[in-house]
There are 2 protein chains.
Amino acid sequence: MPGSIQSLERAAAVLRLLAGGERRLGLSDVASSLGLAKGTTHGILRTLQQEGFVEQEPVSGKYQLGAELLRLGNSYLDVHELRARALVWTDDLARSSGEAAYLGVLHQHGVLIVHHVFRPDDGRQVLEVGAMQPLHSTALGKVLSAFDPVAHNEVAEGELAALTARTVTGSAEFESVLELTRSRGWGSDLEETWDGVASVAAPVYDRRRMPVGAVGVTGAVERLCDADGIRSRLVAAVRDCARAVSRDLGAGRF
Amino acid sequence: MPGSIQSLERAAAVLRLLAGGERRLGLSDVASSLGLAKGTTHGILRTLQQEGFVEQEPVSGKYQLGAELLRLGNSYLDVHELRARALVWTDDLARSSGEAAYLGVLHQHGVLIVHHVFRPDDGRQVLEVGAMQPLHSTALGKVLSAFDPVAHNEVAEGELAALTARTVTGSAEFESVLELTRSRGWGSDLEETWDGVASVAAPVYDRRRMPVGAVGVTGAVERLCDADGIRSRLVAAVRDCARAVSRDLGAGRF
DNA sequence: TGATGAAGGTCGACAATGCCGACCACCCCC
DNA sequence: GGGGGTGGTCGGCATTGTCGACCTTCATCA
């Protein structure tokens, strides 16, 4: 593979840096964080600003991400075929399960949420489209790790950080979780990511039978579980939804 | 102003092109659309793909926007101070008005929706965060055009496209609409953007009393209007919300 | 079935391009 | 008024990205 364009790589690094750090960053912060000369950094920031990818606070001179990114991110959703096919099915899933439904795809070292249906009959909720979830502790992430070799690579190379007391952190133990996920065809998360929160998910396949994402529901552990773990009614609803989306993508009958 | 970085400008143009064209584009399409050599275009696309800003469909070789844009767009929302301050107030506005509430800011030649609260007790709705609305026909857009000189410039330079039969397209007439908006302190849209849909909006100011955005509600014209136009109860609710957000931003009392 | 054209992708020479580091102007605080 | 921070500019240098010819593959079609 021939080399990449240096200035573009650096611009991308600037954007990621701005996305990571909570607060706004100054020119010198950016330059020193990336090990670039101030002049170089300024040129990149100036261009990014001109294009709308970065905004500068007039008073302090600090930089932050720009609105054009939001617009382009929205355009990404418009084109996303998996998401388009899943819209109606996830809506049904949320209604029939009474829980919030999510659609996630592998992105870098985590699960990117590309669609989120609010829990019916519940008040204030934050839309999580565009947010990332860990691969090793959520139901969506486990399903992707179990069925998508690329995701499996990602999770094998990373740390299994303990997010709650119940997070699986041993890699051998995690492999057996994935084995279980593969054998029964769905994944679960019982308070392994957030205390009091459980989730169930199942894989979505494209027309070549390759796993391309996962759908699932997330909610309070008291509602999702009974004495035997995840309620089987929910598991069935999630798997039905995953099958329906897969069929819509052309994966054919199971 | 010293020159911008050429390769970055071109990469931004590529992204905008991909965002604009509905379907996926091939390498040659992109190259010819932008008047670049194929080799150059390929280098840009390759780097953008490596960074996650662009994805390539393996089978057809076509390119489309990438997931990293969604993630960064989401990060933009996280940092957005106006949006953060407005979250709770727009929620109240939607509840008290019974309509969908929107928060918009000027971006390029239109209004970028940065927050959207669904209409209470209503079924399937599409989240419009990240979408753009025209400046000259929506309530949000008119408010921005009336109070923000930059927005006024933008709208003065562009076309006033007729979106419905009631859209104001004459520039003199439009100026008098802006004058009315300024004098009464709020803007309206009576089926000027979509048939059957009306909206009301009011300006939000920052701590230096500069207009930084607009909040409003949108809904069926039958619900929003009575015989005299927009229901005064709604106008009051919207203006209250705008004042509350402004106060949160430090604009002080009115 | 071979010819054909158009697709995506590669390569290497050339010089335009963007990089670097010294340098300004400004502000705040001691 | 100096010192130590900002963000921002400038010009010389060579690194860097550009260009256009070329390659491979694939689908079409005579």
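Proteins get letters first, then strands, A, B, ... in listed order; numbering begins at 1 in each. The structure presented is a predicted model; accordingly, all values stated were derived computationally and were not measured.
Across the protein-nucleic acid pair, B:L34 atom CG and D:dC19 atom P stand 11 Å apart, rounded to whole Å. Atom pair B:I44:CD1 and C:dG8:P shows a separation of 15 Å (rounding to whole Å applied). Nucleotide D:dT9 holds its C1' atom 15 Å from the CG atom of A:L45, rounded to whole Å. One atom, CG of B:L48, and another, P of C:dG9, lie 13 Å apart when rounded to the nearest Å. For the pair A:Q56 CD and D:dG7 P, the interatomic distance rounds to 9 Å; values are reported in whole Å. Atoms CD (A:E9) and C1' (D:dT16) sit 12 Å apart, rounded to a whole Å. When rounded to the nearest whole Å, the span between CZ of B:R24 and C1' of C:dG8 equals 17 Å. Per the geometry, CD belonging to B:Q6 stands 11 Å off C1' belonging to D:dT16, to the nearest Å.
If B:T41 and A:R10 are placed on DNA chain D by their nearest nucleotide, the residue sitting closer to the 5' end is A:R10.
Shown are A:L34, A:L36, A:T41; of these, the side-chain contact (heavy atoms from CB on, under 4.5 Å) with A:R10 is made only by A:L36.
When distances run from any side-chain atom of A:R46 to the nucleotides D:dG7, C:dG9, D:dT9, the shortest one goes to D:dT9. Across D:dT18, C:dT10, C:dG8, the shortest atom-to-atom separation from the side chain of B:H42 is found for C:dT10. Distance from the side chain of B:L27 is smallest for C:dG8 among the nucleotides C:dG8, D:dT6, C:dG18. The side chain of B:A37 lies closest to D:dC19 when the candidates are C:dG18, D:dC19, C:dG21. For A:T40, whose side chain is taken as the heavy atoms from C-beta onward, the closest listed nucleotide among D:dG17, D:dG8, C:dC20 is C:dC20.
Residue A:S7 has no polar side-chain atom (N or O) positioned under 4.0 Å from OP1 or OP2 of C:dT17. OP1 and OP2 of D:dT6 both lie 4.0 Å or more from every side-chain N or O belonging to A:Y63.
Base contact: A:G39 has a heavy atom under 4.0 Å from a base atom.
Between B:L93 and B:G216, the shortest heavy-atom distance links the atoms CD2-O, 4.2 Å.
By the side-chain hydrogen bond (donor to acceptor under 3.5 Å, both in side chains) test, B:S137 pairs with B:T193, sequence neighbours left out. Judged as a ring pair (Phe, Tyr, Trp, His ring centres under 6.0 Å), and not counting sequence neighbours, A:H107 has no contacts.
Residue A:K38 places no side-chain atom within donor-acceptor reach of the base of C:dG21, judged by atom type and a 3.5 Å distance cut-off alone.
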Inset, instruction - Begin from the C-alpha positions of A:E81 and A:R207 and carry the test salt bridge (charged side-chain N to carboxylate O under 4.0 Å, His left out) through to its verdict. - result: CA-CA 12 Å; A:E81 187 184 356; A:R207 59 184 63 87; 3.4 Å; yes
